[in-house]
Every structure is written in C-alpha cells, then in structure tokens.
Amino acid sequence: MDPVVDCTPGGLYEPILDPNAVVRTDVDGICLLCGIEDALAVVDRKRSTYATLRTAVGVASNVSLTVTDSSTRYAASSVKPKGAGFVVRSADKVLSLDLLRGATVTTSLNGVDRQSFSVGGPLKLDLLGLLNSQDFFVLGGAATKDFDAVRITFGSAVRALTSLRVYGACVRNN
C-alpha cells in the first residue's frame with residue numbers, strides 16, 4: 001500500500017478536492033491499452049488513492065486528466081505567479097524529467113487553454129519529500145495567467161514510462 005500523499009506539505013500546496021472539483025478524462029488517438037483508471041481518486045479526500053494514466057509505447061495516443069475547480073478562479077500574474085500541477089509517482093521506476101518526455105501540464109480558464117508546461121520548457125518536477133520518500137513529485141509550472149483548471153497529458157512520446165500514478169491536482173503561491 002502506498003503512503004498517504006497530501007499536496008500540502010508545510011502549507012505550500014493547496015489541493016483541488018470534492019465537492020468543488022470536476023474531473024474529465026480523454027484519450028486522443030486509437031489505443032486499446034491506453035486509458036485512465038480511477039480518475040475520481042484525484043479529487044477525493046483520501047490522499048492515499050490515485051488515478052493511473054496508461055499509454056502504450058509506439059502508439060500515437062495521449063491520455064489526459066483535467067481537474068476544474070468550479071468555485072475558484074486562481075489569480076496569477078508575472079509579478080505573482082501561481083504554481084499549478086499534479087502530485088505524481090511512477091508505478092515502475094524512480095521518476096525523472098527524462099522519463100516524462102511527452103508529459104504536459106496545461107492551465108485553462110472557462111475551458112480555454114491558457115498556459116502549457118512541458119519537458120524542455122518551463123515544466124518543473126518538485127520533490128515533495130513525503131515520509132522520507134524520494135519518489136513523490138509535483139509536476140507543473142508557474143502560471144502567470146488566471147486559471148480555474150489544470151490538465152495533465154501523458155503521451156506515447158514517453159519512451160521509458162508507460163504508466164503514471166496521479167494523486168492530486170495542486171495549486172500554490174510561488
């Protein structure tokens with residue numbers, strides 16, 4: 001059993017949770033082995049649960065999970081950026097940015113994409129340091145535009161990692 005994951009270590013991160021969270025999933029492309037399991041676990045109050053995003057290596061497909069906060073618009077600017085991302089963990093290996101090639105975190109407002117963070121760009125992988133574990137991270141970036149939703153997209157461009165556990169959507173003041 002996985003240790004309990006909470007994206008509020010020291011009060012830095014604020015989770016987006018039920019009852020105000022709306023979860024949407026999508027699989028882009030044709031892939032029989034691709035998908036998302038237990039998507040609602042990302043917004044439940046049980047911090048030890050997770051969604052699993054799966055892709056197949058060599059198949060042109062992406063899976064995405066979006067969490068929208070129906071009650072909050074997160075104000076962000078270049079002067080006061082707002083961190084946005086997901087608590088993630090690899091199901092198989094020690095997680096690194098190199099293993100996450102093809103992963104993207106995108107913020108949106110009222111259904112319109114605002115900013116995207118990807119490997120090779122402004123995507124960050126911040127170690128949470130939970131329970132002395134070295135394998136829980138917040139994957140995301142510093143948004144400089146207002147948003148009400150955060151989406152993680154995990155694609156077939158990922159060569160070494162085909163399964164990613166997503167424990168929660170998080171927001172923080174940078």
Side-chain angles (χ1 to χ4, degrees), residues 5-8 12-31 34-47 49-56 59-89 97 100-126 137-158 161 163-174:
V5 176
D6 186 355
C7 62
T8 59
L12 295 175
Y13 294 91
E14 173 186 333
I16 302 173
L17 299 172
D18 271 341
N20 300 320
V22 178
V23 177
R24 186 174 56 86
T25 63
D26 188 38
V27 176
D28 180 31
I30 299 171
C31 179
C34 300
I36 300 169
E37 297 170 13
D38 301 319
L40 292 177
V42 172
V43 297
D44 68 18
R45 295 188 180 275
K46 300 173 195 160
R47 302 318 306 157
T49 60
Y50 54 87
T52 303
L53 281 62
R54 296 189 196 288
T55 63
V59 176
S61 182
N62 292 311
V63 295
S64 64
L65 183 142
T66 303
V67 176
T68 302
D69 190 325
S70 63
S71 68
T72 304
R73 176 179 177 159
Y74 297 98
S77 69
S78 58
V79 175
K80 289 193 85 162
K82 180 77 79 171
F86 290 86
V87 175
V88 298
R89 182 180 193 198
L97 277 177
L100 287 169
R101 296 219 180 271
T104 303
V105 172
T106 303
T107 61
S108 61
L109 181 64
N110 299 322
V112 177
D113 289 354
R114 305 283 280 175
Q115 290 180 273
S116 289
F117 310 100
S118 59
V119 175
L123 182 77
K124 291 176 17 181
L125 187 63
D126 291 333
F137 296 87
V138 173
L139 179 66
T144 57
K145 298 178 181 179
D146 294 0
F147 62 95
D148 63 3
V150 183
R151 178 177 67 244
I152 184 168
T153 303
F154 185 62
S156 60
V158 179
L161 189 64
S163 180
L164 184 68
R165 292 179 179 169
V166 180
Y167 287 82
C170 298
V171 177
R172 81 174 242 180
N173 288 316
N174 287 348

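As the structure is a computational prediction, the values presented were derived from the model and not from experiment.
Of all heavy-atom pairs spanning A41 and T49, the tightest one is O-OG1, 3.4 Å. Pairing each heavy atom of A169 with each of V42, the nearest pair is N-CG1, 3.8 Å. The minimum heavy-atom distance linking R45 with P19 is given by the pair NH2-CD, 3.8 Å. In terms of heavy atoms, R54 sits closest to S163 at NH1-OG, 3.1 Å. When all heavy atoms of I152 and V88 are compared, the pair lying nearest together is CD1-CG1, 4.1 Å. When every heavy atom of G85 is checked against every heavy atom of V105, the shortest pair comes out as CA-CG1, 4.2 Å.
Contacts of D113 classified as salt bridge (charged side-chain N to carboxylate O under 4.0 Å, His left out), with partners at least two apart in sequence or in another chain: R151.
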Return all side-chain donor-acceptor pairs below 3.5 angstrom for residues 139-147, not counting sequence neighbours, or 'none' if the list is empty.
unit_1: T144; atom_1: OG1; unit_2: Q115; atom_2: NE2; d: 3.1
unit_1: D146; atom_1: OD1; unit_2: A76; atom_2: N; d: 2.9
unit_1: D146; atom_1: OD2; unit_2: R73; atom_2: NE; d: 3.2
unit_1: D146; atom_1: OD2; unit_2: R73; atom_2: NH2; d: 3.2

F86 and V67: CA distance, side-chain angles, deciding distance, side chain to side chain contact (heavy atoms under 4.5 Å, CB included) verdict: CA-CA 10 Å; F86 290 86; V67 176; 4.1 Å; yes
Derivation and outcome, side chain to side chain contact (heavy atoms under 4.5 Å, CB included), residues V87 and C170: CA-CA 7 Å; V87 175; C170 298; 3.5 Å; yes
From CA spacing to verdict: side chain to side chain contact (heavy atoms under 4.5 Å, CB included), V150, Y74: CA-CA 11 Å; V150 183; Y74 297 98; over 6 Å; no
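Although no hydrogens or angles enter the test, the distance criterion places a donor-acceptor pair under 3.5 Å between the side chain of S77 and the main chain of K80.
Residues in residues 17-26 take part in these side-chain hydrogen bond (donor to acceptor under 3.5 Å, both in side chains) pairs, two or more places apart or across chains: N20-S71.
The side chain to side chain donor-acceptor pair (under 3.5 Å) test with S116 singles out one residue from T107, T153, T106, and that residue is T106.
With rounding to the nearest 0.5 Å, the separation of CG in D69 from CG in L17 is 9.0 Å.
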